[in-house]
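Each ligand, and each atom within it, is numbered from 1 in the order the structure gives.
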Amino acid sequence: MAESETAVALLCGSEQSREQVAAESWCRSAGFDVDVIRAEAVAGDASLSPYDVVWWHADAVPDAPSVADLGSELRSFVADGGGLVLSLAALSAVDELDIDPVAPDDVVVDPDGPPAGPLLKSLHEDLPVFEGVERRSITREATGATVARYEAVLPERGEVLAATRLPDRDEPGLVTAVGWSVGEGSVVGLGDCLVFDAEPPADVATARDALATSLLANVADTALPDRPHDAEGLAALRERLADDPHRPSYHLSPPANWLNDPNGLVQWNGRYHVFYQYNPGGPNHDTIHWGHAVSDDLLHWEDEPVALTPSPDGPDRDGCWSGCAVDDDGTPTLLYTGGRGADQLPCLATTDDPDLRTWAKSPDNPIIEAPPEEPAVLSTDHWDGEFRDHCVWREDGTWYQLIGAGLADGGGAALLYAAEDLREWEYRGPILTGDYGIDGVVWECPELLDLGDRSLLHVSNYEDVVYFLGEYADGAFEPEERGLLDHGDFYAPQSMRTDDGRLLTWGWLPEARTESAHWDAGWAGALSLPRELSVDGDGDLRQRPAPELRDLRGARESRDDWTVAPDSPSELDLAGRSLELRAEVALADADAAELAVLETPDREERTALRYTREGDLVVDRSAASLDPETSEEELRMPVPPYDEPLDLHVYVDGSVVEVFANERHCLTARVYPTREDATGVSLTARGGAAEVSLDAWELAGTF
Ligand code: DQQ
């Protein structure tokens, strides 16, 4: 192997283990200039200054006193520009070395574990420390060494660089590689993936050698990112994804990584604040924090620092799950669900920061100690009680809160609590329970909204967002009508009462592609447009896009009284991936009329919105993408009232197609065209001519 300029100090305890001997001999054979240094010597008077890199490769958990002594030497070595690699169990010492307050929580001897490798994050795979390393390579065989991984928790300062690849699947929740910058230098922790005292197959050995070589040769000269905590760092992450054509440009999406439910929606001091379920570790649902974005006009959003982080010793250690924000007599207050082990319990945080950036968690968390006993709450493999998510309001001087639940004898429930002070809650019982077969097993994210003449309760039942319109009084909800808030890729919505009295609702738009596609994209999840909810004179639900969105309109194309001839598509001149289309469609002689968006000129890719004589709007995704990892599922919704014409209002944004029909019914579809020229819009009538009037606009991006 080629000679390397890199001088490596290979650290070991008082004796070298077999694995450390094997690592040393690999290091020599790889051409590095290597010395073995005992930890005691470093803590004593051995100097690290002749070395470029210190490599601590520990196949057993290092003992604490030796680590503590080493800490300051290693930190000043790195701060002066050195590189430090902590591999296998050495990663478990980051807290004692004062590199990160949160150490890996999954430190295990893995004698028969499967072969594994780093699952590189796409955002970071081009770092020099991974030069020549494949995103999903397998780099080690089963081993008797101790490995150290972050599973339920994340490092606080460090940026996740890789999770775990097993031979047959990605394990995005098992973090193996983390990077830190310390002064002028860099630290890479690689808690798994490198073992030398084994005879791996040739391809595994090649991948391992590439990884180890690249790490040692480049760590000292690689500027590693810390986990971005401020707006600037988050904006830089967002910028790195800017060229992805599937990224929405005017729908809210995470700067990178994972987003799910909207949370804590509030207009505070005039500004609109949207918090959301966010995993800074990667584009997977895990280690949930609260992300935060702010806007003055509901259109242009800025990333704010992460607002809630799980506390390693708190009841929210495994995640700060969904919740809401209320104004407690001038104090912004969050109620959210903390997860730890098999418990999920209500927690509270407050702030006096007018920008709602920093939050203090209540020392009394969890503020409700256990789910109620009557009716008994469902226990599952994951949770002792399916009991989470919060909707809080004040009525006649008393605070009320709904918590979502599943009941042991079947069906979802919205459970009511009351309190004088947001802290001492008294259980009042369910305001509504669902029928197990019809309404789902668990009701997540219940929300009760006062729409004037009627109340609306919506719940998310793992599949759909079901709403009930009816009367709410004295702790009971009497449903009179029901429906779905959206018939597509939409879940766990939450609403904000704006200063001007409107109710705006945002929902999570989950992806419709595989988890490995999320990983490759580096991000997952978006929020819907803000939708204004109201009831009309007949007491029916109306859903309209917030009128502010009109300000995004740019170039326009209009067609009035257009007779769309049967069976041959008519194209618009306007094309793009950020569009608004508003059409009045009368079927006239046609059996169906089809508006296609994100269409290639040869129609190989197209997302077709078909309005049928049966009164349905169908989103046909069978040709939406050539990528086999994306959903082809057809989505369908009835669009009453059926009097012609249909009012069809469509927003296209990267991978989002959000449809409003008759200002009442919504359907959102996630689609992933692969071809650059999948930007066209066309209309086709089937079986006869249709009559259409249409306006189309290009929309401006808002990030
Ligand atoms: N998402 C949150 C839960 C909620 C679910 C966790 C709904 O609090 O029940 O990220 O998507």
- request: Assert yes or no for the condition that the ring centre distance of His487 to His665 is strictly below 6.0 Å.
  value: no
One finds that the ligand 1 atoms under 4.0 Å from a non-hydrogen atom of Glu444 are 4 (C), 5 (C), 7 (C), 9 (O)
Does atom CD of Glu634 have more than 12 heavy-atom neighbours, drawn from other residues, nucleotides or ligands, at distances under 6.0 Å? yes
Q) Can you find a non-hydrogen atom of Asp261 under 4.0 Å from ligand 1? A) yes
Practice item. Assess whether atom OH of Tyr436 is packed by more than 12 heavy atoms of other residues, nucleotides or ligands within 6.0 Å. Key: no
Notebook entry, point to check: Would you say Asn260 has any N or O atom under 3.5 Å from an N or O of ligand 1, going by distance alone?
Noted result: yes
query: Are Glu532 and Pro545 close enough that some pair of their side-chain heavy atoms sits under 4.5 Å apart?
result: no
Kindly say whether the aromatic ring centers of His289 and Tyr278 come within a distance under 6.0 Å.
no
Min heavy-atom dist His285 to ligand 1 below 4.0 Å | yes
the protein heavy atom lying closest to atom 6 (C) of ligand 1 turns out to be Gln277 OE1, 3.1 Å
Ser322 heavy atoms within 4.0 Å reach ligand 1 at atoms 2 (C), 8 (O)
of all protein heavy atoms, closest to atom 9 (O) of ligand 1 is Asp389 OD2, 2.6 Å
For Tyr491, the ligand 1 atoms with a heavy-atom partner under 4.0 Å come out as 7 (C), 11 (O)
Plane angle bin for Tyr651 and Phe660 - parallel if under 30°, tilted between 30 and 60°, otherwise perpendicular
perpendicular
For ligand 1, which is the ligand I care about here, please tell me if Arg388 has any N or O atom under 3.5 Å from one of the ligand's N or O atoms.
yes
Test item: Asp328 side-chain N/O and Thr331 main-chain N/O as donor-acceptor pair under 3.5 Å: no
